[in-house]
Peer 1: 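First, the structure itself, so that you have it in front of you.
Order of listing sets the numbers, starting from 1, for every ligand and every atom in it.
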Amino acid sequence: SVKDMGRNGFSFYDESMNLDVQRNFALNVRLHQAIQQGDIEIYYQPILDLSSRKIVAAEALMRWTDSELGFVSPEDFIPLAEKNGLIHRLGDIVLLEACTQAAAWQAISPVKIAINFSSVQFRYCEQLQSRIVDVLLQTGLPASQLDMEVTESLLIDQGHALMKMLSYLKQLGVGLSIDDFGTGYSALSYLQRFSFTKLKIDRAFINNMTTCSSDASLVSAILAMAKSLKLKVVAEGIENEQQALFLQQRSCEYGQGYLFSRPVPAAEFTRLLLREQHSIGLVEKVEQAS
Ligand code: C2E
Ligand code: MG
Ligand code: MG
Ligand code: MG
């Protein structure tokens with residue numbers, strides 16, 4: 001077991017070795033194995049149009065359940081993978097699988113697929129760009145159906161190669177969303193320079209918005225700013241109807257959160273799409289009949 005490995009296999013470390021380092025080392029080994037064995041799963045969380053309450057997109061989210069460690073949150077293993085370089089392989093797994101899945105969903109509904117990209121993946125811009133283009137060709141997913149989610153940390157050292165890549169993908173029709181907006185680097189000028197298509201308000205603000213007036217003001221201000229920059233907004237972490245209504249009243253286009261659905265396996269997401277198509281079909285029949 002991992003504990004045994006800590007006692008025996010890793011005994012060449014002296015005892016003062018920081019527990020975090022030991023834990024990370026064990027996690028590293030397990031993560032490497034999980035990738036090799038195909039144990040990394042992709043779940044999908046619906047993103048809805050807040051006024052029609054129809055699914056317009058799916059966000060792909062990585063899931064890893066280790067046989068010994070149990071569920072490991074991406075909040076724990078993504079930062080680790082960014083340090084040890086495994087993020088490139090993880091990123092490729094999610095890119096290929098999520099685009100393949102989204103291409104199949106196009107037959108049911110024109111949903112977009114939102115994929116998270118770590119800033120570390122952009123260190124090899126040219127490779128990443130050609131891989132994205134290859135995957136789009138290989139899966140047949142139209143470029144317009146892919147949204148790349150990046151965080152503000154990407155924008156800190158924005159080199160020429162990065163700008164070139166992003167403008168190339170934009171020309172193809174790929175969308176670019178700024179994720180966790182409001183939590184990071186806060187120079188707003190980058191919003192225009194990078195020509196984002198969407199802005200995702202971090203769930204920390206959505207959480208307290210209906211109970212805390214300063215968060216409410218912040219959300220309203222973000223929505224107004226986004227509108228003037230012609231950015232569409234996705235609110236993350238909507239957990240109750242009150243929050244959904246608050247956002248709808250302020251013309252927030254899209255929402256995502258446990259109120260609508262938790263992240264689910266692909267087959268379950270397919271059922272959500274089919275159920276929606278079915279209920280649209282029923283409404284049309286009722287309308288035709290009346
Ligand atoms: P994120 O991209 O901001 O994803 C949204 C997170 O909010 C997800 O957490 C989702 O499960 C959670 N969430 C959605 N609605 C609600 C809600 O109503 N309430 C609450 N409490 N949470 C909600 P998750 O899946 O644990 O992922 C955490 C983070 O890990 C993601 O944040 C993203 O930064 C990273 N991540 C996940 N998958 C990938 C991936 O494939 N690649 C990369 N680079 N990062 C990923
Ligand atoms: Mg995201
Ligand atoms: Mg987010
Ligand atoms: Mg996040």
Peer 1: Using the benzene-type ring in the case of Trp, are the ring centres of F269 and W105 under 6.0 Å apart?
Peer 2: yes
Peer 1: Counting heavy atoms not belonging to R262, are there more than 12 under 6.0 Å from its CZ?
Peer 2: no
Peer 1: Between the Mg ion (ligand 3) and E236, which N, O or S atom of the residue is the nearest one?
Peer 2: OE2
Peer 1: If you group Ile, Leu, Val, Met, Phe, Trp and Tyr by side-chain heavy-atom gaps below 4.5 Å, do V56 and L146 land in one group?
Peer 2: no
Peer 1: Would S177 count as a contact for the Mg ion (ligand 2), in the sense that one of its N, O or S atoms lies under 2.8 Å from it?
Peer 2: no
Peer 1: Looking only at distance, does E75 have an N or O less than 3.5 Å from an N or O of ligand 1?
Peer 2: no
Peer 1: Of all N, O or S atoms in D179, which has the smallest distance to the Mg ion (ligand 2)?
Peer 2: OD2
Peer 1: Would you check whether Q45 has a nitrogen or oxygen atom less than 3.5 angstrom from a nitrogen or oxygen atom of ligand 1?
Peer 2: yes
Peer 1: Quick check for you: to the nearest 0.5 Å, what is the distance between L231 atom CG and I222 atom CD1?
Peer 2: 11.5 Å
Peer 1: When only distance counts, is E236 in polar contact with ligand 1, meaning an N/O pair under 3.5 Å?
Peer 2: yes
Peer 1: So how far is it from M148 CE to F122 CZ, rounded to the nearest 0.5 Å?
Peer 2: 4.0 Å
Peer 1: With carbon and hydrogen excluded and only N/O/S kept, which atom of E59 is nearest the Mg ion (ligand 2)?
Peer 2: OE2
Peer 1: Between D180 and the Mg ion (ligand 2), is there a contact where an N/O/S atom of the residue lies under 2.8 Å from the metal?
Peer 2: no
Peer 1: Does ligand 1 have any atom that is closer than 4.0 Å to a heavy atom of K200?
Peer 2: no
Peer 1: Looking only at N, O or S atoms in E149, which is nearest to the Mg ion (ligand 2)?
Peer 2: OE1
Peer 1: Are T100 and T139 close enough, and set up right, to give a side chain to side chain donor-acceptor pair (under 3.5 Å), and what steps lead you there?
Peer 2: CA-CA 5 Å; T100 304; T139 60; 5.6 Å; no
